[in-house]
> 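A single structure is presented below for examination.
Just so it is clear, the structure is predicted and the values come from calculations on it, not from any experiment. Chain naming here is simple, since letters A, B, ... match the order of the sequence lines and numbering starts at 1 in each.
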Amino acid sequence: MDAKVTTQAAAQQADILLRVNNLKTQFSTHRGTLRAVDGVSFDVRKGETFALLGESGCGKSMTALSIMRLVPQPVGRIVEGSVHLGDVDLLQRSEMDMRSVRGGRIAMIFQEPQSSLNPVLMIGEQIIESVLCHTPLKRAQAKARVLELLDAVGIPDPVRRYKEYPHQLSGGMKQRVMIAIALAGEPELLIADEPTTALDVTIQAQVLALLSDLQKQTGMAMLFITHDLGVVSDIADRIAVMYAGQIIEQAGRDTFFSKPRHPYTCKLFESLPRANKRDESLAVIEGSVPSLLTDFSGCRFVDRCDYAWDTCRQRVPRWLGNEEYGVRCHRFDGEVEQVEHKLVEKTLETKIQAQASSHTLLKVDNLKVYFPIQKGLFKRTVGYVKAVDGVSIDIAKGRTLALVGESGCGKTTVGKGILQLITPTLGRVEFDGRELTTLDKKTMRGLRSDIQIIFQDPYSSMNPRMMVKDIIAEGMIAQNTVATRGERDRRIDELLQQVGLSVDSKQRYPHEFSGGQRQRICIARALAVKPKLIICDEPTSALDISVQAQILNLLKDLQQSQGLAYLFITHNLSVVEYLAHDVAVMYLGRIVERGPVRTVFAQPAHPYTEALLSAAPTLDDESQRDVIRLEGDLPSPAAPPVGCHFNPRCPKVMEECRRLYPEKVNLDKHHIVRCHLFKKE
Amino acid sequence: MHLLGYQFSPLWTDWLVYLLVFSGVAFFLYARRHEHLVRPWRQVAQRPLAMAAALVLMAYIVIGLADSFHIREQRDNGGVSDGPVFSSEVVSLLDIALTTLRERQEKTYSAPFALNSYAKESIELAAGAIVRDYPRLQYGGAHLEDLSQRQADIIAKALRALIESVLVFLVITAMLNYMLSRRQAHGFSRQLLLLIRGDSKLPWRSLLLTGFAITLTSLLLVRLAPYYHVLGTDKVGQDVLYLSLKSIRTGLVIGGLTTLFVLPFALTLGIMAGYFRGRIDDIIQYLYTTLSSIPSVLLIAASVLMIDVYIQNNADQFPTIAERADARLLFLCLILGVTGWVGLCRLLRGEALKLREIDYIQASQAFGVSHARILSRHILPNVMHIVLITLVLDFSGLVLAEAVLSYIGVGVDPSMISWGNMINSARLEMAREPIVWWSLVAAFIFMFLLVLCANLFSDAVRDAFDPRVHGR
């Protein structure tokens, strides 16, 4: 029996490609030592995908950089531990040796393909550089190899693409080029640091599929770093969860998703927005990740944990289990005296859906926003970018309409067109019975308190040189909603409490707050002028999952209590499912499908909607999913395809799709689609 | 306004210098209450080199300010009129402090620490015979019998200055250390150890050492200058040390006041061009492109010649020489400002173009906030770091520009004491045999120190304020 275990262990041992043991990376800052990676151990086996999951700032990227020995010098240094690649301890190698390891045995791809490519070199040149560096090939052979690589990563017409520059490629294509560069050295291990975070869902699905295909062909191992549970469930074999510099749970994919153990992991699952949670508020993880400057004397998660008891504060939990399957929590430690948990059953209060009122608040009819393309000395207009090309939507009071689409489809422009921040080229925007497009500036200024906007990036949406109270007061002053200073101060306090911030935060500056708190301030600022409609432009896409849940809950509560209507612009379909009543799917400046969320998500009519829904990674069982993979990218809105805009990518394309843009077809009273598959009766 | 027999009679540039100082102090008081403004300055304050440079700059500024309080001395009214009568000669506080230097004028050139003139003269001996020799100076080293005593005398005076400055240094160090030990609640000796090791939040050690260097230099001058021409004399026998010190104000005024003229143009036009875009942007761009294509030396030369003619034609408006020189100095600042705003304007336009697309500006527009308010509340505070960095970097360039312009004769008035004029006259001095090197060297050292310190300081300011350097 023992012998069998040993041989098994030995077999596993031989199988292991990368073994990270008790890795510690620290940064010296003027405020003290920052423990970015604090005792991380894991193995990556040959040919498998190992996912490192965690929120921003938990040290996952720094773990990858430490493995590559690319920690920024001289502030950061690896103080302890070992990183074995095969038999070689990378931390003991000289810098010269490391250069052959980087790109050779281990390759890395990054989140932002835009900034990882040199804009003044042809992409072929950038790949060949890597080929020449890591293979014994001569230049002529190397060129053939580059074409082979471009073909392998699914770039059509490699000979022509070889001579193109990065700006001529779309985001997905650039990421493919990055992958080609990484593959040039035929690595044994590919480290992928959030490789799909900057990409749209359909493109993300393409890239993920490409990565697993390549893995099957070459047998390389992958260390996949991400914050997205959906992506993890799609691609990973084994998963480790990082929290504040440590791995707190590790398990195989199936065990991980069926039986998560650490309270943090459990909470993460609960805080994901999903359709079946529509009528309740999401579980939230209170507070935020502790500063890595702290010298922890207990569990790192203790302040946010529902189960925490005294031991959790006094003793650092040890790693329970082995490198395969384990957790770092006192609840599972037999040697720690357990405490009976009377979980304060946080009654997930059932939200009664706001009464659907028939009163239409906003009615957008055939909205068009064209940007002229000017050329030459006299700025002659040679064409138009049709960012928004005939969009019609309407939102009733107290309802949420989600506007869904890939980046570049014009959804943000719709929002700005409604707000009259961009003057629409054509069309009508009727708000509360008043036509906005024909108003003069002064009257419009008076009406601005009714429609407000919340932006995606909470870092750029507040003036860094103003205090929170001035930021919130700005709208009230401009709109003259409150008469006196005292009244204004009272209202600011009230607003801060309403969005869940303490009153004393008004004397502070935006940089002192975390992303989620900043987004709350933005919401308070919008609420200050008592709007009827808030345009939410991807308000949660820059936030971590646990924080996203807090913001979504807040938005939902506010809708309940104040009867707000939202135009929710997003690309995140699970948020739509959770929050919205109606959904409009946008493709290249036009709405291709519109209807109530339940209907559209259950029976998507348009092939694009279908593809979007299937491409979004979900936690549900893989076997039932049949991903419809869209080919190619979003075409340019300056030169949309003739006929149906979607026809070059559509899996169900027909002859007439190439000739005519389809008419609007009512599938039922509320469900509208524009597709030749459906005929007017 | 008169006091103690002096009449306060500031020149035009004086008023503007006061304005500059006043706005500096006002900004300081305003910034103290705003965390985001204090933070970068705190970062500057932690850089030893920058603080040492700042201390030297402070010394320059103190001299420059002392030279910016102009007064007239009361004269005997001789019973002609009832009221007090004041001298037509305008002097500054610095002039009064340096009276000994100012009034001890030799006949012509003399080398540093010389007892004899640098040019031969016919001297009538007691016996009545006339010989051509280097005559003894009237003031320089007049207290000595002959050359053999000079060395000992200089060493004795220098030693005295050294001892005094060491004493001052020790007293100041002790006081500072006491203060720090009280504040930090360390013991006196422990705090002293920390201070010597340079282990403090602010770079006190560097400040103390720089302070010591400044004290030593000034005490050496205080002890030696009344007896010798430390830096020699110029062609008309004026003390070169006096000239160098007087030049400080000219340099600072050119460097400082020009910014006063640059700012309104660059700020309003740059921000407006970037924010409004479209036609306004086109007009402003054409304006500055045109202006920057005119060679600025040509423009400056033409304007300075124009103001010269104006002053000559309207001599009654400028009763004293000082006022005339001052008018020309002011005009030079103005014209440097008018030609110099283009660079900053271009930077600000670019930044405003970027800022107007940022979400918080869009949010304000969504609130219906007026353009004027967006410009002043959102754009202006967020471009101020660029303004500050550019101004501090430009300062040293302007000081050097003054020297170059005066050298080619279109700078400040020839009667105005400035480094440029000193260098200009050195052109002839370097050509004569034996050469007169000291006025060039003196101008060079004083200017070099100022520009070096300004550059060191501005480097630190740029690092602290540039968002690209230290992230969000």
> At a 4.5 Å cut-off on heavy atoms, which part of A/Ile477 comes close to chain B: side chain, backbone, both, or neither?
side chain

> In terms of the angle between their ring planes, are B/Phe276 and B/His371 parallel, tilted or perpendicular, with boundaries placed at 30° and 60°?
perpendicular

> Give, as side chain, backbone, both or neither, the part of A/Met444 having an atom under 4.5 angstrom from any heavy atom of chain B.
neither

> Considering only heavy atoms and a distance below 4.5 Å, find which of A/Ala526, A/Gly475, A/Ser449 pairs most often with chain B.
A/Gly475

> Please examine the side chains of A/Val385 and A/Ile373, heavy atoms only from C-beta on, and report whether any two atoms are closer than 4.5 Å.
yes

> With sequence neighbours left out, which residue pairs that include part of residues 410-420 of chain A fulfil the salt bridge (charged side-chain N to carboxylate O under 4.0 Å, His left out) condition?
A/Lys411-A/Glu538

> Closer than 4.0 angstrom, basic N to acidic O: yes or no for B/Asp282 and B/Arg279?
no

> Below 4.5 Å from any heavy atom of chain A, which atoms of B/Arg377 appear? Answer side chain, backbone, both or neither.
both

> Has B/Ser364 got a side-chain atom pairing as donor or acceptor with B/Ile374's backbone, closer than 3.5 angstrom?
no

> Which answer fits A/Arg525, side chain, backbone, both or neither, if we ask what part of it has an atom under 4.5 Å from a heavy atom of chain B?
both

> Only pairs of heavy atoms separated by less than 4.5 Å count here; which of A/Arg465, A/Gln456, A/Gln479 has the most with chain B?
A/Arg465

